[in-house]
Every structure is written in structure tokens, then in C-alpha cells.
Participant: 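This structure is in C-alpha cells; I'll ask about it shortly.
A quick note: this is a predicted structure, and the numbers were derived from the prediction, not measured. Atoms within a ligand are numbered from 1 in the order they appear, just like the ligands themselves. FYI, side chains are in, hydrogens and waters are out, and symmetry mates aren't considered; it's all heavy atoms of this structure.
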Amino acid sequence: MKEKFYRFMQGRYGVDQFSRFLLILAIVVLILNMFIRSALFELIPFGLLIYTYFRIFSRNLGARSKENQKYLELSGTVKYNLKNGKQLLKFHIYKCPSCGQKIRIPRGKGKIEITCPKCKNKFVKKS
Ligand SMILES: [Zn+2]
């Protein structure tokens with residue numbers, strides 16, 4: 001049985017990171033579907049599964065690995081942006097009351113005196 005499977009999979013693309021992501025996405029949409037009842041949410045996981053199996057059993061290895069490459073690039077960018085977003089949450093953005101310059105202040109430092117880098121105006125804010 002195992003050997004039969006290996007022979008069947010020979011020359012086929014198999015599972016990659018993109019396929020794994022598509023499967024997870026299909027499961028997530030299926031779970032969402034329990035809360036949001038809509039025809040679209042029923043069709044999406046179905047389509048995702050068909051597409052994933054199409055990729056796994058595909059013999060066009062070049063095209064599939066190109067898709068995976070694109071996915072890896074994209075997910076890298078998303079991860080990078082998420083990290084940056086988290087970094088931004090650790091800061092307060094204040095506007096200088098005299099010139100309107102935006103100033104980034106780290107959170108959780110209590111009351112601090114801020115000196116505007118542009119006009120040197122000083123003002124006190126809670127961070
Ligand atoms: Zn200023």
C-alpha cells in the first residue's frame with residue numbers, strides 16, 4: 001500500500017508550505033462558516049481544497065514551486081509588517097502643540113517632558 005502510494009506520487013509535486021497554508025486557510029474558513037452562514041463561506045473551503053489537491057498531485061513542478069516561492073515572499077512581507085505593527089503599538093504618537101510635528105514616545109514611562117525635535121517646544125504628556 002505504501003509502495004503504491006510512493007509510485008503514485010512519483011514525479012508529482014507533493015505538499016509544500018503554500019499547500020499547508022491553503023489547508024489551514026480552508027479549515028479556518030470552515031470554522032468561520034459555523035458562525036457566519038453564507039454560501040460564499042461554504043464554497044471557499046471547497047475551492048481551496050480542490051486547488052490544494054490539484055497542486056499536490058500536479059506534475060508541473062516548475063509552476064508549483066514558483067507559486068510556493070511567491071507565497072514565501074508574501075508571507076515574509078506580512079510577517080515583517082506584523083512585527084512592525086507590534087513595534088508601533090509600543091509607542092504613543094504625539095503632536096507638538098506649537099508646530100504640529102509628530103513625535104513618537106515609548107509607552108509606560110509615566111509623565112514625561114517631551115522636547116519637540118523641530119521647534120524645541122517643551123510639553124508634558126503621560127506616556
Ligand atoms: Zn514643535
Side-chain angles (χ1 to χ4, degrees):
M1 185 60 207
K2 232 180 180 178
E3 209 174 298
K4 247 188 192 168
F5 180 70
Y6 279 131
R7 214 175 296 147
F8 174 71
M9 283 306 288
Q10 233 171 38
R12 291 174 196 266
Y13 186 65
V15 182
D16 62 8
Q17 291 96 328
F18 187 39
S19 293
R20 244 174 250 145
F21 167 74
L22 289 173
L23 279 175
I24 292 168
L25 194 66
I27 293 166
V28 169
V29 179
L30 269 175
I31 293 168
L32 279 178
N33 188 37
M34 286 190 237
F35 303 100
I36 312 162
R37 286 250 158 227
S38 96
L40 191 69
F41 273 70
E42 269 168 42
L43 280 174
I44 288 172
F46 195 62
L48 281 172
L49 283 177
I50 290 173
Y51 181 56
T52 308
Y53 279 104
F54 157 76
R55 292 191 74 254
I56 291 171
F57 299 125
S58 169
R59 290 181 189 275
N60 189 350
L61 307 190
R64 297 295 84 77
S65 81
K66 239 186 221 169
E67 286 167 2
N68 193 44
Q69 211 55 44
K70 255 190 201 154
Y71 159 71
L72 288 177
E73 268 170 37
L74 204 75
S75 71
T77 315
V78 169
K79 266 181 205 153
Y80 176 79
N81 283 337
L82 276 179
K83 219 173 134 195
N84 267 14
K86 261 188 205 156
Q87 212 58 29
L88 276 177
L89 282 178
K90 288 181 189 157
F91 291 94
H92 269 300
I93 309 284
Y94 287 121
K95 248 185 190 174
C96 169
S98 76
C99 74
Q101 167 78 27
K102 277 182 187 158
I103 305 160
R104 205 167 67 157
I105 304 298
R107 281 175 192 268
K109 296 251 157 121
K111 258 191 179 175
I112 48 165
E113 191 186 57
I114 301 161
T115 308
C116 171
K118 209 167 153 192
C119 68
K120 308 292 175 211
N121 172 47
K122 284 186 180 161
F123 57 103
V124 175
K125 283 276 182 195
K126 244 174 80 185
S127 70

Participant: A side-chain contact here means heavy atoms from C-beta on lying under 4.5 Å apart; do L49 and L23 qualify?
Facilitator: yes
Participant: Any side-chain heavy atom of C99 sitting closer than 4.5 Å to one from C116?
Facilitator: yes
Participant: Do D16 and S65 touch side chain to side chain, with heavy atoms closer than 4.5 Å?
Facilitator: no
Participant: Is any NZ, NE, NH1 or NH2 atom of the basic residue among E67 and R64 found under 4.0 Å from an Asp or Glu carboxylate oxygen of the other?
Facilitator: yes
Participant: Sort by chain and number the protein N/O/S atoms that are closer than 2.8 Å to the Zn ion (ligand 1), and list them.
Facilitator: C96 SG, C99 SG, C116 SG, C119 SG
Participant: May I ask you to decide if the ring planes of F18 and F21 are parallel, tilted or perpendicular, using 30° and 60° as cut-offs?
Facilitator: parallel
Participant: Mind listing the closest non-hydrogen atom pair of R55 and N68 along with its distance?
Facilitator: NH2-N, 3.9 Å
